[in-house]
Amino acid sequence: MMERYALELIEHGKRVDKRKFDQFRDIEIKTGVISKAEGSAYVRIGKTQVIAGVKIGVGTPFSDSPNNGVLIVNTEFTPMASPEFESGPPGENAVELARIVDRGIRESKSLETEKLVIVPGEKVWTVFVDIHIIDHQGNLIDAAALAAINALITAKLPKLEEGKVVAGEHGDKLPVAHKPVTVTVCKVGDNLFVDPAIEEESVVESKVSIAVMEDGKICAIQKQGASGIAFNDLEAIVDLAIKKAGDLRKLM
Amino acid sequence: MKAREVVLPGDMLDERKGRKLGNGVYEEDGKVFSKLLGIPRISENELAVIPMYGTYLPKMGDRVVAVIESVEISGWFVDINSAYTAFLPVSEGVEEFVDMQRSDLTRFFDVGDIIYCRLSRVTKQKTVQASMRDFESRKLRNGIIIKVTPTRVPRIIGKEGSMISMIKASTKCDIIVGQNGVIWIRGDTKDKAIEAIITIEKESHTMGLTEKIEKMLGEVNGQGD
Amino acid sequence: MGKATDKELIVNGRRLDGREPYHMREIKMSVDEISSANGSAKVSFGKTTAYASVHGPRSLFPKFLQESDTGILRCRYNMAPFSVDDRKSPGPDRRSVEISKVIRRAFEPVLFLEDYPKSTVDSFIEIVEADGSTRVTGINALSMALASAGIPMKDLVAACSVGKISDTLIVDLNGVEDNNSESDVGVAMMPQKDIVTLLQMDGILTKEELVMLLNLARESCKKIYQIQKQTLMEKYRGAE
């Protein structure tokens with residue numbers, strides 16, 4: 001019902017919650033919220049809430065990279081978070097979100113996997129980042145990416161004694177070299193805006209998620225949505241993402 | 001053989017200049033583009049593209065060869081060789097009064113029966129109604145059906161029916177060509193008719209096709225077939 | 001998936017397979033490869049080979065999936081188990097689920113699905129040999145398969161990969177380059193409309209490098225489009 005109204009507003013340069021096009025909703029970041037996890041973060045953007053938890057275990061490396069630890073990012077769209085989510089195996093939206101977040105971290109080489117080797121070629125640390133969607137009120141990707149990186153930078157490696165993990169005890173910090181931030185730029189007609197509220201998200205024609213590093217370099221891009229984007233509009237989209245990523249990073 | 005001009009999706013045909021938009025085209029900023037791989041038809045009144053391939057999309061008034069798919073209480077669902085199934089209500093399928101509470105409709109048409117019918121209504125959302133309430137529509141008995149690419153039907157029929165008349169005359173077969181690409185054929189020399197039809201289907205985009213088919217059928221006759 | 005290599009990937013301005021940075025591999029295209037489909041095509045960029053087929057528009061069941069005012073597009077990208085060095089276990093994994101989705105998104109803006117309410121256009125991409133750039137190769141094939149199936153479209157879709165290796169910007173990454181690049185970008189666009197319908201990037205780039213790569217991708221897509229066009233024309237124009 002609200003979607004049409006949201007669209008009408010955007011076409012007139014306005015938004016349902018009176019924000020500017022380049023303005024995020026208020027953001028809250030809390031780390032260390034789950035004591036059972038090696039690292040965790042709660043992120044709230046407006047009413048959207050996600051929790052990312054990092055669990056770290058001892059595993060075997062992939063055969064093609066024997067001297068690197070393993071990073072696995074997974075998302076669960078729990079049915080409580082939205083009437084649109086159903087239980088069962090992750091659908092394509094959940095898979096896509098996890099892979100966008102994964103690439104932001106992996107491609108920026110944020111997690112120093114070469115420092116996660118216990119016995120070269122045999123034993124490495126496996127880092128699971130699980131992102132739980134608590135309330136879906138728009139812009140899940142930016143919230144999930146923000147939660148994931150905050151959980152990682154605050155995570156600690158479990159304590160090892162004679163090759164075994166000592167439950168509940170922690171040692172060094174998880175080696176994280178960068179803090180990529182993902183900003184999704186949305187497009188309706190000629191209007192570009194960030195951080196769509198849920199009503200706005202359903203009228204977005206296309207959107208581009210861009211992961212940006214501390215120095216303004218870009219480490220991952222994914223276009224989404226059912227419409228194409230004029231080639232000549234791409235640069236403005238990238239510029240807006242770089243600018244907003246800088247703002248978000250200040251909150252970390 | 002000389003080639004016909006072919007356009008691809010996205011190729012610009014012309015400025016619109018107030019003309020009617022026919023099949024297979026779209027307009028953007030006063031310019032008209034092709035939606036399809038096909039042959040452009042640009043006239044003073046209309047811009048269109050005749051598709052070379054594609055499944056059958058039902059149009060109101062089309063005459064089709066169809067197969068009864070299921071028998072319901074108030075009529076029949078018929079397969080019209082499309083993404084859409086047509087419904088033939090009792091009142092459109094049978095002349096006499098039928099008491100639907102008591103009658104078994106298989107008495108008129110049963111599953112698998114072949115009919116020639118007209119699409120009397122096609123809604124925007126592609127709900128299709130068939131009708132047999134005219135002189136040409138009827139149940140087709142004892143023949144076989146073949147399927148061709150629906151976009152080739154105009155070539156198989158030919159200008160004012162010239163091509164199909166020629167095939168009918170040479171092979172002495174009964175042939176009914178549905179707009180939906182389903183063709184019903186009955187006759188002893190139906191193999192020859194089918195061969196001719198398939199040749200037209202394959203080579204419909206080439207010039208000089210009539211002569212080729214004429215020659216082909218002539219050879220058939222020449223061999224005293 | 002990929003293997004790292006210690007080899008220099010660019011020596012004296014040439015790539016390991018002898019190409020100059022902006023050169024694409026040998027491109028082969030053909031249509032009508034699969035007779036049971038309404039439209040089909042096969043495209044190779046070097047060793048990477050993709051088949052694409054289109055079935056439909058056809059009726060869509062279960063019925064609750066139907067949209068009363070438009071048709072829908074379904075898309076499946078799949079890699080054959082023998083297409084890669086280490087056998088890939090059959091069936092969809094997370095990677096192929098995501099790729100299937102972005103490929104569908106790359107075509108939705110292009111098709112006039114509203115001409116076929118309640119129906120589905122089912123499209124399939126099978127990678128039979130993978131040596132980098134598989135999704136864009138699949139997109140190039142699917143574009144031609146859709147056109148030859150007679151599905152109404154705004155334009156064809158042409159796609160290519162670009163990237164950066166040892167500070168050099170390159171076009172059409174092969175497998176080794178894909179696995180060892182500093183960054184790679186996949187682009188699909190409507191070449192006659194200048195509209196981008198797929199954009200994915202990973203690896204590290206400055207904004208200036210990204211803009212240069214996008215321009216390279218656009219130029220390359222236009223070249224690919226010419227080959228697609230030529231292939232479709234030759235096939236359907238008949239003998240001269």
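Computed from a predicted structure; not experimentally measured. We name chains A, B, ... by the order of the sequence lines, and we start the count at 1 in each one.
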S.K.: With a 6.0 Å cut-off (strictly less than), is the heavy-atom count around NZ of K47(C), excluding the residue itself, greater than 12?
M.R.: no

S.K.: With a 4.5 angstrom heavy-atom cut-off, which part of A149(C) approaches chain B: side chain, backbone, both or neither?
M.R.: backbone

S.K.: For R19(B), does the CZ atom have more than 12 heavy-atom neighbours from other residues, nucleotides or ligands under 6.0 Å away?
M.R.: yes

S.K.: In this structure, are over 12 heavy atoms from other groups packed under 6.0 Å from M60(B) atom CE?
M.R.: no

S.K.: With a 4.5 angstrom heavy-atom cut-off, is it the side chain or the backbone of L60(C) that approaches chain B, or both, or neither?
M.R.: neither

S.K.: Between Y53(B) and G39(C), is there a donor-acceptor pair closer than 3.5 Å when you use the side chain of the first and the backbone of the second?
M.R.: no

S.K.: Might you point out which heavy atoms bring N38(C) and T55(B) nearest each other, and give the distance in Å?
M.R.: ND2-CG2, 3.5 Å

S.K.: Could you tell me whether K59(B) atom NZ has more than 12 heavy atoms of other residues or ligands within 6.0 Å of it?
M.R.: no

S.K.: Would you check, one step at a time, whether the test side-chain contact (heavy atoms from CB on, under 4.5 Å) holds for Y84(B) with S59(C)?
M.R.: CA-CA 6 Å; Y84(B) 309 98; S59(C) 19; over 6 Å; no

S.K.: About how many Å separate CG of D11(B) and CG of L156(C), when rounded to the nearest 0.5 Å?
M.R.: 8.0 Å

S.K.: Write down the atom of A83(B), the atom of P57(C), and the distance for their closest heavy-atom approach.
M.R.: CB-O, 3.5 Å

S.K.: Taking all heavy atoms of K126(B) and all of P117(C), pick out the closest pair and write down the distance.
M.R.: CG-CG, 3.3 Å

S.K.: Determine whether F33(B) and K154(C) satisfy the following criterion, side-chain contact (heavy atoms from CB on, under 4.5 Å), listing intermediate values before the conclusion.
M.R.: CA-CA 8 Å; F33(B) 300 87; K154(C) 284 201 182 78; over 6 Å; no

S.K.: Between Q125(B) and S68(C), what is the shortest heavy-atom contact and its length?
M.R.: CG-O, 3.4 Å

S.K.: Do you see a donor-acceptor pair shorter than 3.5 Å between the side chains of T127(B) and K118(C)?
M.R.: yes

S.K.: Which atoms form the tightest heavy-atom contact between V6(B) and M233(C), and what is the distance?
M.R.: O-CE, 3.2 Å

S.K.: In Å, rounded to the nearest 0.5 Å, how long is the span from CE of M153(C) to CG of L8(B)?
M.R.: 9.5 Å

S.K.: Does E160(B) CD have over 12 foreign heavy atoms under 6.0 Å away?
M.R.: no

S.K.: Write down the atom of K35(B), the atom of F112(C), and the distance for their closest heavy-atom approach.
M.R.: CG-CE1, 3.5 Å

S.K.: For K193(C), is there an ion pair with E28(B) - N to carboxylate O distance below 4.0 angstrom?
M.R.: yes

S.K.: Does CE in M24(C) sit with more than 12 non-hydrogen atoms of other residues, nucleotides or ligands closer than 6.0 Å?
M.R.: yes

